[in-house]
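To start, the structure under review is shown below, and the notes come after it.
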Amino acid sequence: MEKKRIYLSPPHMGGKELDYVHEAFDTNWVSPFGPNLTRFEQRVCDYVGMKHAVAVTSGTSAIHLALKYIGIKQGDYVFCQDLTFAASCNSIVYEKAIPVFIDSEYETYNMSPIALEKAFKKAETEGKMPKAVVIVDLYGQSADYDKLLEICNRYSVPVVEDAAESLGSEYKGRKCGTFGYINIFSFNGNKIITTSGGGMAVSNDEQAVKKMHFWANQSREPGSFYLHKELGYNYRLSNICAGIGCGQMEVLPDRVEKRREIFEYYKKALSDLPIEMMPVPEGSRPNFWLSVFTVNKSCPITAEEIVAKLEQENIEGRRFWNPMHNQPIFKDYEFVTHLEEGNVGDDLFARGVCLPSGSSMTEQDLDKVVSVIRKIFDR
Ligand SMILES: *Cc1c(COP(=O)(O)O)cnc(C)c1O
């Protein structure tokens with residue numbers, strides 16, 4: 001019999017999603033308009049503690065709208081975390097702006113305040129000040145916002161928080177997705193909750209959200225005929241997908257709790273191996289979207305080898321995000337490092353492994369993953 005595949009982070013429905021979808025069918029709101037959309041937006045706002053939200057087709061489109069609202073134009077510079085998924089910076093290039101990649105720190109895996117300060121000093125002397133800074137909360141761990149926001153505020157540059165992976169995470173008692181001027185979430189199939197595909201931009205600036213909403217609906221001016229004064233985008237989420245989101249929001253606290261348990265389970269079961277689970281600094285309370293670890297520098301076993309061995313057992317592990325400065329399409333852009341020599345992103349990428357972390361995992365699944373990992377180190 002074929003072994004059941006253990007996925008990295010599969011969708012996990014709560015049970016109420018179909019009720020909202022049925023309601024959409026029954027009332028014929030089978031379109032990018034309808035009550036599920038406002039309901040979903042309201043639920044996310046209430047949960048994280050923000051005033052306004054617009055639901056869109058992806059986290060990527062949310063970042064695009066956020067950067068557009070901030071006024072990113074051709075030739076502008078935008079600082080962006082280097083160790084992340086390409087979606088964090090693709091939108092910068094959509095607008096023909098110029099990304100400058102900022103290295104990570106070991107404490108959070110996220111943007112290094114030291115590298116950020118270095119980048120601002122350099123930009124100031126060269127007259128290349130950025131229009132925005134995109135900070136990411138990787139694997140559900142918050143960046144160090146006290147330090148990062150102090151720097152960005154001092155230089156008066158707005159922040160976009162890419163909280164695609166960190167819905168439900170906290171930093172010093174405050175939810176992730178509340179730290180920037182505009183913040184975004186993703187509801188892609190592999191995230192902590194999903195709408196099968198979707199995203200959201202949130203802000204306390206009502207004007208900002210209204211404008212992003214307008215652009216997401218093709219920039220259609222109100223009136224009886226079609227009038228477009230600005231370039232538009234077809235980015236609005238459908239009322240069907242928003243219905244899935246309404247159901248998922250009801251179980252989000254459970255999903256966060258379960259992922260935290262999974263991390264603790266791995267941490268305990270693997271505690272004697274030459275690896276380090278993601279560090280959690282004081283004040284940070286991750287949602288542990290993924291349970292991740294790095295192999296110790298002195299250990300000859302590579303991350304690549306571990307992922308390959310997991311695959312042989314039909315278990316989906318992953319390497320860490322490959323930093324943006326390594327991507328052929330982005331390699332010519334500037335990269336400001338945390339270290340004098342080398343950089344943190346490459347080191348984490350070389351040694352990092354993401355473990356299956358789905359909230360629907362059973363104890364047998366977890367034991368299976370643990371035993372395969374232990375076997376790799378047992379030689
Ligand atoms: C998933 C993800 C995104 C993009 O979200 P989509 O909804 O897939 O467009 C952006 N940034 C990070 C860090 C992500 O993990």
Side-chain angles (χ1 to χ4, degrees), residues 7-11 40-41 44 53-68 78-94 99 101-104 108-111 132-143 148 159-169 176-177 179-180 182-202 212 216 233-238 241-242 244-245 248 255 259 278 286-292 316 318-325 327 330 345 348-349 352 354 357-358:
Y7 289 99
L8 189 75
S9 179
F40 183 38
E41 287 163 348
V44 173
V54 55
V56 290
T57 47
S58 67
T60 307
S61 49
I63 298 173
H64 189 192
L65 293 171
L67 290 173
K68 235 185 107 73
V78 178
F79 289 177
C80 180
Q81 188 162 318
D82 176 61
L83 183 68
T84 185
F85 180 47
S88 303
C89 67
N90 278 339
S91 300
I92 301 169
V93 183
Y94 295 166
F101 297 117
I102 312 292
D103 200 7
S104 282
T108 62
Y109 293 176
N110 293 310
M111 190 178 282
V133 180
V134 180
I135 303 175
V136 189
D137 306 316
L138 277 189
Y139 304 127
Q141 167 120 280
S142 171
L148 295 171
V159 167
V160 173
E161 182 184 359
D162 178 349
E165 304 177 4
S166 62
L167 181 60
S169 307
C176 281
F179 291 97
I182 301 172
N183 313 305
I184 74 94
F185 298 108
S186 166
F187 309 109
N188 191 21
N190 64 353
K191 297 302 194 310
I192 192 154
I193 60 165
T194 184
T195 58
S196 83
M200 201 176 283
V202 298
M212 290 189 288
Y233 301 86
N234 186 3
Y235 280 172
R236 187 65 166 148
L237 190 69
S238 91
C241 293
I244 303 174
Q248 288 271 275
R255 301 296 181 257
R259 297 220 186 208
M278 179 172 77
N287 66 3
F288 294 108
W289 170 58
L290 294 184
S291 286
V292 306
E316 188 185 22
R318 284 276 169 88
R319 300 277 303 275
F320 273 19
W321 298 122
N322 185 4
M324 292 305 104
H325 76 270
Q327 305 297 342
F330 299 131
L348 288 173
F349 172 59
C354 306
S357 309

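Both ligands and their constituent atoms are indexed starting at 1 by order of listing.
Under the side-chain hydrogen bond (donor to acceptor under 3.5 Å, both in side chains) criterion, Tyr235 pairs with His64, not counting sequence neighbours.
With a 4.5 Å cut-off on side-chain heavy atoms, Phe288 and Ser357 do not count as touching. Side-chain atoms of Phe179 and Val159, non-hydrogen and from C-beta on, never get closer than 4.5 Å to each other.
Each of Leu83, Asn90, Thr84 was compared with Met324 under the side-chain contact (heavy atoms from CB on, under 4.5 Å) criterion, and only Thr84 meets it.
Gln141 and Asn110 form no side-chain donor-acceptor contact under 3.5 Å, judged by distance and modelled atom types alone.
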Please tabulate, one line per pair, the protein nitrogen or oxygen atoms found under 3.5 angstrom from a nitrogen or oxygen of ligand 1, with distances to 0.1 Å, or say none if there are no such pairs.
residue: ligand 1; atom: 5 (O); partner: Ser186; partner atom: OG; Å: 3.2
residue: ligand 1; atom: 7 (O); partner: Gly59; partner atom: N; Å: 2.7
residue: ligand 1; atom: 7 (O); partner: Ser186; partner atom: OG; Å: 2.7
residue: ligand 1; atom: 9 (O); partner: Gly59; partner atom: N; Å: 3.3
residue: ligand 1; atom: 9 (O); partner: Thr60; partner atom: N; Å: 2.9
residue: ligand 1; atom: 9 (O); partner: Thr60; partner atom: OG1; Å: 2.5
residue: ligand 1; atom: 11 (N); partner: Asp162; partner atom: OD1; Å: 3.3
residue: ligand 1; atom: 11 (N); partner: Asp162; partner atom: OD2; Å: 2.7
residue: ligand 1; atom: 15 (O); partner: Glu165; partner atom: OE2; Å: 2.5
residue: ligand 1; atom: 15 (O); partner: Lys191; partner atom: NZ; Å: 3.4

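A salt bridge links Glu41 to Arg236: at least one charged side-chain nitrogen sits closer than 4.0 Å to a carboxylate oxygen.
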